[in-house]
Amino acid sequence: MSGRRIPVAVLISGRGSNLQALIDACADPAFPAEIVRVVSNDPGAAGLDRAATAGIATETIEHRQFARREAFDEALNAALETAGAEIVCLAGFMRILGPAFVARWAGRLLNIHPSLLPAFPGLHTHAQALAAGVKLHGCTVHMVRPGLDDGPIIGQAAVPVLPGDDETTLAARVLAAEHRLYPRCLRLVAEGRVTVAGDRVTLAGGGAEPDTQLINPKS
Ligand code: GAR
């Protein structure tokens, strides 16, 4: 592929398994994006080691060192601009970003959330799904808006809730779906095929890949 690869920054707070899925996707030279920086708000995030192993520059910006949320957001924004990022992927980044930051990156700020939004925003999504008795659960990649786990949906992947599931088994099934979904959605955005109109995303381009997946764990 001869096209320019879009520079992407990934923001993490912890384990970084979704970061790893994005690293693995970007290892293909034909993938339309490349990760130029990984930023964590927690110096102990295991995902920082994953980035270093892949030879990606990392940076830690500890939110605790900032008295105001806006100051943290400004430091983060400066780091992303210095890195030359054009798309920002939140991958288990557990800080709420303020409206100025979100507006600055509008249409280029993606998040992955472990539920089929708008069901189950917030924390403990797998426990919420089990308590509600839903038969399908899953994950969502969406454009970030100022509300918590809110914004136009780029893609979703659904998995069944199976008899005997507990939070651990359900979380593992959803996580595997997350790792498949996030690179697909980043690809769509990096290729410029995602347009936001109001609260909805439309996909451009003939033969666009489906942005939904139903995953049968037995297949
Ligand atoms: C993932 O399940 C992600 O969807 C979730 O945190 C986990 C991070 O895991 N994000 C949220 O809950 C955001 N609201 P990872 O660090 O292994 O990618």
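Across Pro43 and Leu48, no two heavy atoms sit closer than the pair O-CD1, 3.6 Å. Closest approach of Leu19 and Gly47 over heavy atoms only: CD2-O, 3.3 Å. The two atoms that bring Ala129 and Leu170 nearest to each other are CB-CD2, 4.4 Å, heavy atoms only. Heavy-atom minimum distance, Asn18 versus Ala91: CB-CB, 4.1 Å. The minimum heavy-atom distance between Cys26 and Arg5, with the atom names listed, is O-NH2, 2.7 Å. Taking every heavy atom of both residues into account, Cys139 and Ala177 meet most closely at SG-C, 3.9 Å.
With sequence neighbours left out, the salt bridge (charged side-chain N to carboxylate O under 4.0 Å, His left out) criterion links Glu86 to Arg4. Residues meeting the side-chain contact (heavy atoms from CB on, under 4.5 Å) test with Arg200, sequence neighbours left out: none. Contacts of Arg104 classified as salt bridge (charged side-chain N to carboxylate O under 4.0 Å, His left out), with partners at least two apart in sequence or in another chain: Glu81. With sequence neighbours left out, Pro118 forms a side-chain contact (heavy atoms from CB on, under 4.5 Å) with no residue at all. Judged as a salt bridge (charged side-chain N to carboxylate O under 4.0 Å, His left out), and not counting sequence neighbours, Arg64 has no contacts. For Ile96, the side-chain contact (heavy atoms from CB on, under 4.5 Å) partners at least two apart in sequence or on another chain are Arg69, Leu148. In this structure, the side-chain contact (heavy atoms from CB on, under 4.5 Å) partners of Thr195, at least two apart in sequence or on a different chain, are Thr202. Every residue was checked against the salt bridge (charged side-chain N to carboxylate O under 4.0 Å, His left out) condition with Asp42, not counting sequence neighbours, and none meets it.
Contact annotation: the side chain of Pro32 never approaches that of Ile6 to less than 4.5 Å [non-hydrogen atoms, C-beta and beyond]. A heavy-atom distance below 4.5 Å is found between the side chains of Val8 and Cys89. Two residues are said to be in side-chain contact when any heavy atoms from C-beta on lie closer than 4.5 Å; Leu186 and Ile87 meet this criterion. Side-chain atoms of Leu110 and Ile154, non-hydrogen and from C-beta on, do get closer than 4.5 Å to each other. Using a 4.5 Å heavy-atom cutoff, the side chains of His142 and Pro152 are not in contact. Taking 4.5 Å as the limit, every side-chain heavy atom of Lys135 sits out of range of all side-chain heavy atoms of Val161.
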Q. Are Arg145 and Asp199 close enough, and set up right, to give a salt bridge (Lys or Arg N to Asp or Glu O under 4.0 Å), and what steps lead you there?
A. CA-CA 10 Å; Arg145 290 231 169 122; Asp199 291 335; 2.8 Å; yes

(Q) Working note: Val159 + Leu136, criterion side-chain contact (heavy atoms from CB on, under 4.5 Å); need CA distance, chi angles, decisive distance, verdict. (A) CA-CA 6 Å; Val159 301; Leu136 288 172; over 6 Å; no

Q: For side-chain contact (heavy atoms from CB on, under 4.5 Å), just list the numbers for Val141 and Ile153, CA-CA rounded to whole Å, side-chain angles, deciding distance to a tenth of an Å, and then say yes or no.
A: CA-CA 6 Å; Val141 174; Ile153 291 170; over 6 Å; no

Q: Determine, step by step, whether Ser40 and Glu62 satisfy the side-chain contact (heavy atoms from CB on, under 4.5 Å) criterion, reporting the C-alpha distance in whole Å, the side-chain angles of both residues, the deciding distance to 0.1 Å, and the verdict.
A: CA-CA 8 Å; Ser40 173; Glu62 286 188 72; over 6 Å; no

Q.
Run the side-chain contact (heavy atoms from CB on, under 4.5 Å) test on Arg50 and Arg15 for me, step by step, so that the C-alpha distance in whole Å, both residues' side-chain angles and the decisive distance to 0.1 Å come before the verdict.
A. CA-CA 9 Å; Arg50 297 179 187 268; Arg15 177 177 58 182; 4.1 Å; yes

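Residues Val38 and Ile23 share a single hydrophobic cluster, defined by chaining ILVMFWY side chains whose heavy atoms lie under 4.5 Å apart. Note on Leu130: it does not cluster hydrophobically with Leu175, by side-chain heavy-atom contacts below 4.5 Å among ILVMFWY residues. Residues Phe31 and Val189 share a hydrophobic cluster, clusters being chains of Ile/Leu/Val/Met/Phe/Trp/Tyr side chains in contact below 4.5 Å.
Between atom CZ of residue Arg108 and atom CE of residue Met143 there is a gap of 10.0 Å, rounded to the nearest 0.5 Å. For the atom pair Ile112 CD1 and Glu178 CD, the distance stands at 4.5 Å (nearest 0.5 Å). Note that the CD atom of Gln156 and the SG atom of Cys185 stand 9.5 Å from one another [nearest 0.5 Å]. Distance check, rounded to the nearest 0.5 Å: CE of Met94 to CD1 of Ile12 gives 12.5 Å.
Side chain of Thr60 to main chain of Asn41: no donor-acceptor pair is present (N/O by atom type, distance under 3.5 Å, no hydrogens or angles). Distance alone, capped at 3.5 Å, is enough to place a donor-acceptor pair between the Asp166 side chain and the Thr169 backbone. A donor-acceptor pair under 3.5 Å is formed between the side chain of Thr140 and the backbone N or O of Leu117. Side-chain atoms of Arg95 never come within 3.5 Å of backbone atoms of Ser13 as a donor-acceptor pair (strictly under, hydrogens ignored).
A side chain to side chain donor-acceptor pair (under 3.5 Å) check over residues 114-130, counting only residues at least two apart or in different chains, returns the pairs His113-Ser115, His126-His137. Among residue pairs with one or both ends in residues 26-36, none qualify as side chain to side chain donor-acceptor pair (under 3.5 Å); sequence neighbours excluded. Judged as a salt bridge (Lys or Arg N to Asp or Glu O under 4.0 Å), not a single pair has a partner in residues 150-159 (not counting sequence neighbours).
A salt bridge links Asp165 to Arg173: at least one charged side-chain nitrogen sits closer than 4.0 Å to a carboxylate oxygen.
Under the 4.5 angstrom side-chain criterion for Ile, Leu, Val, Met, Phe, Trp and Tyr, the cluster partners of Phe72 are Leu11, Val39, Ile61, Phe66, Leu76, Leu80, Val88, Leu90, Phe93, Leu97, Phe101, Val102, Trp105, Leu109, Val144.
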